[in-house]
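Heads up, the thing below is written out as structure tokens.
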Amino acid sequence: MSGLGHALIAMRAIVTREALRFVHQRERFIAALVRPLVWLLVFAAGFRAALGLSITPPYQTYITYETYIVPGLCGMILLFNGMQSSLSLVYDREMGSMRLLLTAPLSRAWLLFSKLLGSTIISIFQVYAFLLVAWLFDITLPPLGYVAALPALVLAGLMLGALGLALSSFIKQLENFAGVMNFVIFPMFFLSSALYPLWKMAESSELLHDICAANPFTHAVELIRFALYVDFNGTALVWTGLATLVFMGFAVWGYDPARGMMTRKG
Amino acid sequence: MSLQVTDLSFSYGAKTALERVSFGVERGRFAALLGPNGAGKSTLFSLMTRLFGTQGGSISIAGHDLRVAPLAAMADLGVVFQQTTLDLDLTVQQNLRYFAALHGISGRAADRRIDVALDRLGMAERAGEKARGLNGGHKRRTEIARALLHEPKVLLLDEPTVGLDAVTRTGLTRHIHDLCLETGVTVLWATHLTDEVSDADQVILLHRGRLLADGRCGDLRGSASLSEYFAQMTGVSE
């Protein structure tokens, strides 16, 4: 068996296992779908009157608030899933199956990337399920946008998954993880362009605007937003790509046996 | 030596878990790693399975130094962890297929090996059952079958009989002894139960991170029982 053949067989198995786990956790899928829908159909309806949105790229015309937050909610699905799959990594490690995975005669980076890819594919499936429901509620996008968004969703999914992976390597117990969820997910989501455009944020605070502009999640959302309108945002692509590499680097570092980050008292 | 540990030391911060531990196991031998709780067995297993990196000393598996050629060493290593590592929602066969793929074995070749491994462990009839429905003994047998799929030269088992009834425990112990004779696989079996060890086995006695004894069980215990010898050496009764 050649090295590449072995690596690809293993990757397929890891992705398939992630998919099978997802199939067995239907409640996870429903939760992933209901969460953004509540924001879209309840929160956005309430805010629609309060917020006036001017025309900014990639939009060509005035848009409703519901339309504005769709890309942010796609990002939300990827964010929650990225964190949830790393939660499953902490759980896996406690259960031992992560230990089993790491005994495979393949590089750690490849094994972790395969796991990341598996969870990203599942996240994207959920994003499209959400977009379908949004479409049923008449929140439509350019037909080509659904296709153009795919690479953006893949990159954003990898970035957020890599972040979760990096966090999971430094967290030893599930209890600690809940805290990190609160300190990572909520700030990342609210301090971004997911719910309000950055110029709106600048009106209330320059500092908050700067934090939002530095938040990688903002760039992931903007990358998706532009792609959904068959447009391209180079800055967002560079930021999201760089953040993916940095988070992945941290994850590989964290799972390196020589670092002993996985050390639990034997 | 099929498995060689040389001057191995490891500490968790200021607390020393292993101190200059050295031993070797020849090909096809059954070696029992004996020691009370806290002896350093789990640390040793974590080092041998690359969960932790070595701090001092070296480990060689089937002639591959773990630090120099980790992937070649892992390819020749089979592991049964103390905690179950089966995916409970998957069937026995799906669990084994997943593991085979991690070792680069897929398709018919994987299915053939899975059939042989399950048959050897008397689990062939349960291939389609979900792991969740298996009893403790069957789960263990599945994990042993899985650990043998890629035909490793060295098999590590970390207290594999924990939580099993006496009959299952005896059966499993006998089976692994037979496996050594039939296939020439080298076995390191961690336990704190002396009745799982027979006189011909090698005994590696670990206590508080140090190697207390290493030799043939019958020679070490002399006229005393292994249990008495264990208590005398460690000051701990089973």
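Quick caveat, the model's predicted, so the values are computed rather than measured. Chain letters run A, B, ... following the sequence lines, proteins first, then strands; residues in each count from 1. We use all heavy atoms of the structure for the numbers below, so side chains are in, but hydrogens, waters and symmetry mates are not.
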Partners of [X] by salt bridge (charged side-chain N to carboxylate O under 4.0 Å, His left out), sequence neighbours excluded?
X      : value
B/D65  : none
B/R67  : none
B/R210 : B/E19

Flag yes if more than 12 heavy atoms outside [X] fall under 6.0 Å of its [atom1] atom; otherwise flag no.
X      : atom1 : value
A/F125 : CZ    : no
A/F190 : CZ    : yes
A/R35  : CZ    : yes
A/Y146 : OH    : yes

Given A/L106, A/I14, A/I9, the one that forms side-chain contact (heavy atoms from CB on, under 4.5 Å) with B/L102: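 Testing each of A/L106, A/I14, A/I9 against B/L102, the sole residue satisfying side-chain contact (heavy atoms from CB on, under 4.5 Å) is A/I14.
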Of B/L86, B/N95, B/T85, the residue whose pairing with A/L100 passes side-chain contact (heavy atoms from CB on, under 4.5 Å):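 With A/L100 as partner, B/L86, B/N95, B/T85 yield a single side-chain contact (heavy atoms from CB on, under 4.5 Å), made by B/T85.
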Any idea which heavy atoms bring [X] and [Y] closest together, and the distance?
X      : Y      : value
A/R108 : B/L51  : NH2-N, 4.4 Å
A/A13  : B/A101 : CB-CB, 3.3 Å
B/S106 : A/R12  : CB-NH2, 4.1 Å
A/H24  : B/L90  : CE1-CD2, 4.0 Å

Side chain, backbone, both or neither: which part of B/F81 has an atom under 4.5 Å from a heavy atom of chain A?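 For B/F81, the side chain is the part near chain A, not the backbone.
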Heavy-atom proximity to chain A below 4.5 Å, by part of B/A17: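 Neither; nothing under 4.5 Å.
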Given side chain to side chain donor-acceptor pair (under 3.5 Å), test A/T16 with B/R97 step by step and report yes or no. CA-CA 11 Å; A/T16 308; B/R97 270 202 200 127; over 6 Å; no
Enter the distance from A/R99:CZ to B/Q82:CD here, rounded to the nearest 0.5 Å.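 If we round to the nearest 0.5 Å, A/R99:CZ and B/Q82:CD are 9.0 Å apart.
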Quick one: CE on B/M74 to CG on A/L102, what's the gap to the nearest 0.5 Å?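 Reported to 0.5 Å precision, the distance equals 9.0 Å.
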Under 4.5 Å, heavy atom to heavy atom, which residues of residues 126-148 of chain B contact chain A?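 Contacts with chain A: B/K130, B/R146.
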Mind checking whether A/R21 and B/D87 have side chains closer than 4.5 Å, heavy atoms only?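 Yes, close enough: below the 4.5 Å cut-off.
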Checking side chain to side chain contact (heavy atoms under 4.5 Å, CB included) for the pair A/L101/B/F99: CA distance, chi angles, key distance, verdict? CA-CA 8 Å; A/L101 176 71; B/F99 182 79; over 6 Å; no
Main chain of B/I105, side chain of A/H6: is a donor-acceptor contact present, judged purely on distance under 3.5 Å?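 It does not hold such a pair.
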Could you walk me through whether A/R17 and B/Q94 pass the side chain to side chain contact (heavy atoms under 4.5 Å, CB included) check? CA-CA 9 Å; A/R17 179 172 177 264; B/Q94 284 173 325; over 6 Å; no
